J.: 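One structure is given below, represented as structure tokens, and several questions about it will come after.
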Amino acid sequence: MPANLLDEDTLIDDPSREREYHWTLNFGPQHPATHTTLRLVLELDGERIVKATPHIGYLHSGFEKLGEHLNFNQYVTIVDRKNYLSPPYNELAWHHAVEKLLDIDLTPRCKYIRTIFGELSRMSDHLLCTGAAALDLGAFTAFLFAFNTRELIYDCYESMSGYRFHPGYTRVGGLLQDLEEESVRRIQVVLKQVTRTLRDMDRLLTRNRIFVDRMRGVGTLTKQDAIDLSCTGPIARASGVLNDVRKDMPYLAYPELDFQVPYCTEGDCYARFQVRFEEIQQSAKIIKQCLEKLPSGPVNVPIAEKFPLPDKATAYNSMEGLIQHFELIMPNRGMGSPVNEVYASVESPNGELGYYLVSDGSQTAWRTRTRPPSFIHFAVFPHIIKDHLIADIVAVLGSLNVIAAELDR
Amino acid sequence: MSTMTDPHATSLEHLRNVLTPNGLRTDVFRDNLRVHVGRDQLITTLKALRDGRGFNMLVELGATDYLGYPGRDASAPRFEVHYVVRNIDTLETVIVKVGVDDPAPVLPSVCPVWRGADWMEREVFDMYGIKFDGHPDLRRVLMPDEFTAFPLRKDYPLRGRGERHNFPRILREQS
């Protein structure tokens with residue numbers, strides 16, 4: 001364009017001519033700021049985004065189809081791989097749905113251990129999300145503090161279940177194994193460390209001029225839009241929707257614990273950051289209470305209920321254990337289930353994670369429909385990014401915490 | 001209905017007033033209340049729930065293929081789409097189910113009622129081939145655009161050779 005503009009260069013009356021100035025930019029699917037494989041096609045007016053069209057599915061792996069071929073216990077390894085920032089909560093959600101279908105009432109000890117396990121993952125998820133949001137905006141140190149602490153949480157997973165990344169710790173009617181003294185010590189290390197990390201991150205970020213300027217007023221989602229677009233979790237709570245499945249439809253040990261549900265009313269990226277940051281503190285509070293109140297007793301429901309796999313000693317040394325083991329392992333037997341369907345959801349770190357589970361009476365689901373929070377929240381993205389600048393994309397994406405494995409399944 | 005206080009009594013009463021007398025079939029399993037409606041009653045039901053009873057959030061939308069489902073009546077429709085709706089103030093949750101049959105399954109879109117249904121309906125179309133009438137942008141969402149089958153249907157195999165082997169392979173030398 002020439003340096004000296006004529007009137008006809010700047011004044012555009014004809015709306016069809018206006019589009020000629022727009023150009024299209026492809027963002028992703030392997031852009032470092034998208035963290036995973038997301039692709040956006042942006043229609044730009046200068047640096048202003050006129051329209052963003054997400055193209056997803058690069059990581060589609062047919063998890064829901066696999067759920068129709070793996071039994072209730074086997075599928076836990078697949079759900080782990082959906083939201084890989086917080087695998088434990090995916091497991092809790094899956095077995096929560098299965099146990100609702102089978103009408104299993106867990107033992108108190110199991111409820112508490114699962115609560116601890118889930119809240120550890122919430123801390124881990126939020127630490128990475130807030131850390132990575134800062135990383136994308138150029139604050140590298142806060143990210144390293146957060147990641148360092150996540151390493152300790154992985155140590156907890158490892159001592160609880162034997163696996164660091166995808167624990168696969170829950171089983172129908174119980175857990176893989178009981179919580180041991182060493183795991184409790186490791187969890188206490190996390191609780192001690194996380195206070196320090198939060199203090200450091202708070203000093204680095206909360207009143208950081210650059211960080212606040214990039215986040216405040218960016219990607220605003222109003223309360224009405226949040227409800228209309230089916231948002232849940234920290235994203236809805238940052239817009240003033242006070243819903244949390246842990247309080248609304250209590251499960252596990254949550255009704256017996258004292259914790260608060262943080263919320264904001266601004267609905268922008270900074271509000272989402274604040275909500276997540278406060279939720280880490282609440283999670284630490286929950287875990288502390290769980291460790292104090294941790295009941296004794298068995299972690300699995302009694303073998304007579306024919307759901308949990310008996311441990312080695314029981315299977316080898318008692319008749320009932322052996323029969324039960326045989327019944328569950330043989331492919332033509334297994335646990336029976338009602339020919340019915342159920343929707344059950346839990347509050348995962350990202351929002352409401354639900355399963356619509358249809359059962360045909362066998363121990364393999366007929367249909368495992370996931371309600372993936374990332375999928376629903378990414379659908380919101382084109383609405384809230386409109387009229388922002390290209391540089392705001394990373395801030396908004398970081399605050400939505402879209403996990404491509406859960407998005408595409 | 002039992003004599004116990006039913007948390008959904010008022011909502012059901014409201015639906016009975018709005019819908020035709022035979023249009024409503026309900027059942028309860030665990031804490032799920034399911035309302036089965038016909039295709040022509042779907043939008044009326046959902047709008048009645050939203051406007052009359054404050055069910056302002058569409059929590060979840062998905063489909064199931066019941067081809068060969070044990071105990072399924074042969075005359076029953078092959079697919080069912082479920083809409084989980086919630087009143088976020090009273091936390092009352094209702095599952096609305098609607099059947100849709102082969103060939104050419106079509107349902108009215110609920111995007112005008114809840115904008116959140118946009119991608120969820122696209123996913124149902126992508127996986128089951130159920131078309132949503134009135135959807136603003138009904139394209140495949142997870143599978144590639146040139147894909148021709150609907151992978152979550154029960155007659156689509158988990159393993160085997162299929163249309164994915166027909167994708168053009170572009171080698172480095174040819175590009």
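Lettering follows sequence order; numbering is per chain, from 1. Note that the structure is a prediction, hence the values are computed from the model and not measured.
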J.: Under a 4.5 Å heavy-atom cut-off, does chain A meet the side chain of Arg34(B), its backbone, both or neither?
T.: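 Contact with chain A is through the side chain of Arg34(B) alone.
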J.: Under 4.5 Å between any side-chain heavy atoms of Cys231(A) and His377(A), yes or no?
T.: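 Answer yes - side chains close enough.
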J.: Does any heavy atom of chain A fall under 4.5 Å from the side chain of Arg50(B), the backbone, both, or neither of them?
T.: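 Looking at Arg50(B), nothing touches chain A.
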J.: When you compare the side chain of Thr64(B) with that of Arg369(A), does any pair of heavy atoms fall below 4.5 Å?
T.: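 Heavy-atom side-chain distance check fails, nothing below 4.5 Å.
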J.: Side chains of Leu152(B) and Glu68(A): closer than 4.5 Å at any heavy-atom pair?
T.: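 Yes, side chains in contact.
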J.: Need one label for Arg86(B): side chain, backbone, both or neither, based on atoms under 4.5 Å from any heavy atom in chain A.
T.: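 Interface part for Arg86(B): side chain.
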J.: Measure Val380(A) against the heavy atoms of chain B and call it side chain, backbone, both or neither at under 4.5 Å.
T.: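 Neither part, no heavy atoms under 4.5 Å.
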J.: In terms of heavy-atom contacts, does NZ of Lys47(B) have more than 12 from other residues, nucleotides or ligands at under 6.0 Å?
T.: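 It does not: Lys47(B) NZ has 12 such atoms or fewer within range.
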J.: Using non-hydrogen atoms only, which part of Asp118(B) is less than 4.5 Å away from chain A: side chain, backbone, both, or neither?
T.: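 Nothing of Asp118(B), per the 4.5 Å heavy-atom cut-off to chain A.
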J.: State, with a plain yes or no, whether a side-chain heavy atom of Ile88(B) is found less than 4.5 Å away from one of Asn56(B).
T.: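 They are in contact (side-chain heavy atoms under 4.5 Å apart), so the answer is yes.
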J.: Determine whether more than 12 heavy atoms belonging to other residues, nucleotides or ligands lie under 6.0 Å from atom OH of Tyr254(A).
T.: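 Yes, the 6.0 Å shell around OH holds more than 12 heavy atoms from other groups.
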J.: Walk me through whether Asn243(A) and Asp248(A) qualify under side-chain hydrogen bond (donor to acceptor under 3.5 Å, both in side chains).
T.: CA-CA 7 Å; Asn243(A) 287 67; Asp248(A) 298 346; 3.2 Å; yes
J.: Nearest 0.5 Å please: distance from the CZ atom of Arg115(B) over to the CG atom of Asp225(A).
T.: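 One finds 4.5 Å between CZ of Arg115(B) and CG of Asp225(A).
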J.: Do the side chains of Phe72(A) and Glu99(A) get nearer than 4.5 Å, heavy atoms only?
T.: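 No, every pair of side-chain atoms sits at 4.5 Å or beyond.
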J.: At a heavy-atom separation under 4.5 Å, does Leu101(A) approach chain B through its side chain, its backbone, both, or neither?
T.: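 Both parts, backbone and side chain.
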J.: Is there side-chain contact between Glu406(A) and Leu353(A), with heavy atoms separated by less than 4.5 Å?
T.: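 Sidechains of Leu353(A) and Glu406(A): in contact.
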J.: Quick one: what part of Ile56(A) sits under 4.5 Å from any heavy atom of chain B, side chain, backbone, both or neither?
T.: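 Both parts, backbone and side chain.
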J.: Side chain, backbone, both or neither: which part of Ser362(A) has an atom under 4.5 Å from a heavy atom of chain B?
T.: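 For Ser362(A), no heavy atom lies under 4.5 Å from chain B.
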J.: Could you tell me which portion of Thr370(A) (side chain, backbone, both or neither) has an atom closer than 4.5 angstrom to a non-hydrogen atom of chain B?
T.: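 Looking at Thr370(A), just its backbone touches chain B.
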J.: Answer whether the closest heavy-atom distance between the side chains of Leu61(B) and Trp114(B) falls below 4.5 Å.
T.: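 A side-chain contact is absent here, since even the closest heavy-atom pair is not under 4.5 Å.
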J.: Can the ring centres of Tyr75(A) and Phe63(A) be said to be less than 6.0 Å apart?
T.: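 Tyr75(A) vs Phe63(A): aromatic centres not under 6.0 Å.
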J.: So for Val84(B), is it side chain, backbone, both, or neither that comes closer than 4.5 Å to the heavy atoms of chain A?
T.: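 Val84(B) touches chain A through side-chain heavy atoms alone.
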J.: Is any residue of residues 119-135 of chain B within less than 4.5 Å of chain A by heavy atoms, and which ones?
T.: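 Heavy-atom contacts from residues 119-135 of chain B to chain A are Trp119(B), Met120(B), Glu123(B), Met127(B), Tyr128(B).
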J.: For Pro70(B), is it the side chain, the backbone, both or neither that has a heavy atom under 4.5 Å from a heavy atom of chain A?
T.: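 The answer is both parts of Pro70(B).
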J.: Under 4.5 Å, counting heavy-atom pairs only, tell me which of Glu64(A), Met249(A), His55(A), His69(A) racks up the most with chain B.
T.: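 Ranked by heavy-atom pairs under 4.5 Å with chain B, first place is His69(A).
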J.: Is Arg30(B) close to chain A through its backbone or its side chain, or both, or neither, when contacts mean heavy atoms under 4.5 Å?
T.: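 For Arg30(B), the contact with chain A is made by the side chain alone.
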J.: Taking the side chain as every heavy atom from C-beta outward, state whether Phe147(B) and Arg140(B) have any pair of such atoms under 4.5 Å apart.
T.: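 The answer is yes; the side chains approach within 4.5 Å.
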J.: Could you name the residues of residues 89-103 of chain B that have a heavy atom within less than 4.5 Å of a heavy atom in chain A?
T.: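 Near chain A, by residue number: Leu91(B), Ile95(B), Lys97(B).
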J.: Which of parallel (below 30°), tilted (30 to 60°) and perpendicular (above 60°) describes His96(A) and Tyr251(A)?
T.: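 His96(A) and Tyr251(A): tilted rings.
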